[in-house]
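Below is one structure; the comments refer to it alone.
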Amino acid sequence: MNIVISDANNKEMILLDKVQPGKEAYLSFQDFSVTKGTTERPVTAHVAVTMSDGSSPLVTTTIGATSANMATLQGALTKMESNEHRTQRLEAARLKEEAARRKEQTALLQQAVKDAKALQQKGRFRDAMARLESVRTSQVWSSQQETLYGQLIKSEVTRIVRLCRVENDEFRNLTFVYSSRDDGSKAFRFYPYLGKDSSSSWWFLSLTLYREDWLFAKQVMVKIGDTTYSTVVKESFSDDVKTDVLYGGVYECVTFRQSDAGSEALFQAIANYSGTAPLKVRVNGGQYYAEYSLNSSDVQAWRDLLFLYGHLNEYTFSN
């Protein structure tokens, strides 16, 4: 759309020569003014006009009401519509566009709900939740879908709890949740465990070693891709380090707290590990280190406990 006019120096100017594709550009005539001019041209008439290229307003300018511009101005004025008519037209277009968008979103939501319910029937609650999350922010998401999403969370939490060992301390009104894989039959154990009371929850990372000789374990490291995640160093005199001499070997246990630097990043990294190979774990000791691994079932236990921690305060454990 080109509006060609002459400026005060009789040089041609083009208005609205650049318009955003698919957008509506416009001129909006504001007012008409007459001012004193020069001796040769004692009176000058102007029409003030604002413009938009369809994306953003442009600088307000004026058009001189001269014989050179008269034909252009008359042509533009005959095509003008009132602000009221333009507002109504744009609103109708907006409503039509919104209706089309809602129709598309409704179709996507219906398919997502169908897929989620199919996954729910297979006991794949986390996958069902992920399917719904892809449309959860749409305008057509309703309380009905939110109820289904809440049911999936509850089912997944219940599934995880059934796979865990739950210990209740009735005197202190505390509950602790351990992975069922965190048992005493393994020479190397490294898992999170959760704790909660009536109003809050927390977690720890627990390393347990049964060895023939001392390692004096103090730190855990994992490397995923090019990134290394590590816990803080726990010296042997720390309250978080326990050791014992057993028949045929030694026992070492190191607890890393949620508040320790690096613990949360390491928890997240292991829980989100998507590799197919076992995840290598390095345990640094006083002088040496030892390497172990977490298999896919171990990583799934970390993933489950991380999910459970996010909903721990919503769950009531029965004694």
Side-chain angles (χ1 to χ4, degrees), residues 160-161 163-169 174-196 201-225 227-309:
I160 294 172
V161 170
L163 297 176
C164 294
R165 185 176 80 256
V166 178
E167 297 181 0
N168 292 303
D169 185 333
L174 299 177
T175 300
F176 296 96
V177 185
Y178 303 84
S179 170
S180 59
R181 299 185 63 79
D182 189 3
D183 58 50
S185 62
K186 299 177 182 177
F188 162 75
R189 305 202 313 267
F190 184 45
Y191 297 98
Y193 71 91
L194 316 179
K196 75 181 294 285
S201 58
W202 56 90
W203 52 260
F204 298 93
L205 306 180
S206 177
L207 168 70
T208 303
L209 300 176
Y210 291 98
R211 295 169 48 89
E212 293 182 356
D213 54 3
W214 294 107
L215 179 64
F216 298 109
K218 58 174 62 179
Q219 185 185 42
V220 177
M221 302 172 65
V222 298
K223 186 175 183 179
I224 300 176
T227 305
T228 299
Y229 302 89
S230 59
T231 66
V232 295
V233 173
K234 298 279 185 173
E235 299 295 350
S236 57
F237 52 79
S238 169
D239 292 337
D240 293 328
V241 177
K242 308 295 181 185
T243 60
D244 201 357
V245 178
L246 304 175
Y247 178 76
V250 296
Y251 160 85
E252 301 183 41
C253 180
V254 185
T255 300
F256 302 97
R257 299 174 181 268
Q258 183 176 358
S259 57
D260 289 340
S263 290
E264 185 168 357
L266 187 141
F267 194 167
Q268 293 277 354
I270 295 178
N272 293 324
Y273 176 66
S274 58
T276 56
L279 179 61
K280 186 179 293 185
V281 179
R282 174 173 292 187
V283 180
N284 291 324
Q287 289 184 308
Y288 308 101
Y289 65 83
E291 291 188 343
Y292 303 91
S293 63
L294 297 172
N295 61 32
S296 58
S297 297
D298 295 324
V299 172
Q300 183 62 49
W302 280 73
R303 190 173 296 127
D304 286 346
L305 286 170
L306 180 60
F307 180 89
L308 180 58
Y309 174 72

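The figures here come from the full heavy-atom set of this structure, side chains too, leaving out hydrogens, waters and symmetry mates. Quick caveat, the model's predicted, so the values are computed rather than measured.
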Fill in: Glu291 atom CD, neighbour heavy-atom count above 12 within 6.0 Å
yes
Worksheet item: Is there a donor-acceptor pair under 3.5 Å between the side chain of Trp203 and the backbone N or O of Glu264?
Response: no
Worksheet item: Is atom CD of Gln287 surrounded by more than 12 heavy atoms (other residues, nucleotides or ligands) closer than 6.0 Å?
Response: no
Worksheet item: Taking side chain as C-beta onward, heavy atoms only, is Gln258 less than 4.5 Å from Tyr309?
Response: yes
Fill in: Ion pair Asp182/Arg165, N-O distance below 4.0 Å
no
Item to complete: Decide if atom CG of Asp239 counts as having more than 12 heavy atoms of other residues, nucleotides or ligands within a radius under 6.0 Å.
Response: no
Worksheet item: Just by distance, do the side chain of Lys186 and the backbone of Arg181 share a donor-acceptor pair under 3.5 Å?
Response: yes
Item to complete: Check Leu294, Asp298, Leu279, Val222 against Tyr273 for a side-chain contact (heavy atoms from CB on, under 4.5 Å) and give me the one that passes.
Response: Leu279
Discussion item. Does Arg257, at its CZ atom, have more than 12 non-hydrogen atoms belonging to other residues, nucleotides or ligands within less than 6.0 Å?
Written reply: no
Worksheet item: Can you find a pair of side-chain heavy atoms, one from Trp302 and one from Leu205, that are under 4.5 Å apart?
Response: yes
Worksheet item: Hey, mind stepping through Tyr178 and Asp183 against side chain to side chain donor-acceptor pair (under 3.5 Å) and telling me if it holds?
Response: CA-CA 9 Å; Tyr178 303 84; Asp183 58 50; over 6 Å; no
Worksheet entry | More than 12 heavy atoms from other groups under 6.0 Å of NZ on Lys280 | no
Worksheet entry | Derivation of the side-chain contact (heavy atoms from CB on, under 4.5 Å) call for Val220 and Tyr229 | CA-CA 8 Å; Val220 177; Tyr229 302 89; over 6 Å; no
Discussion item. Please verify the inter-ring angle class for Phe188 with Phe190; under 30° counts as parallel, over 60° as perpendicular, anything in between as tilted.
Written reply: tilted
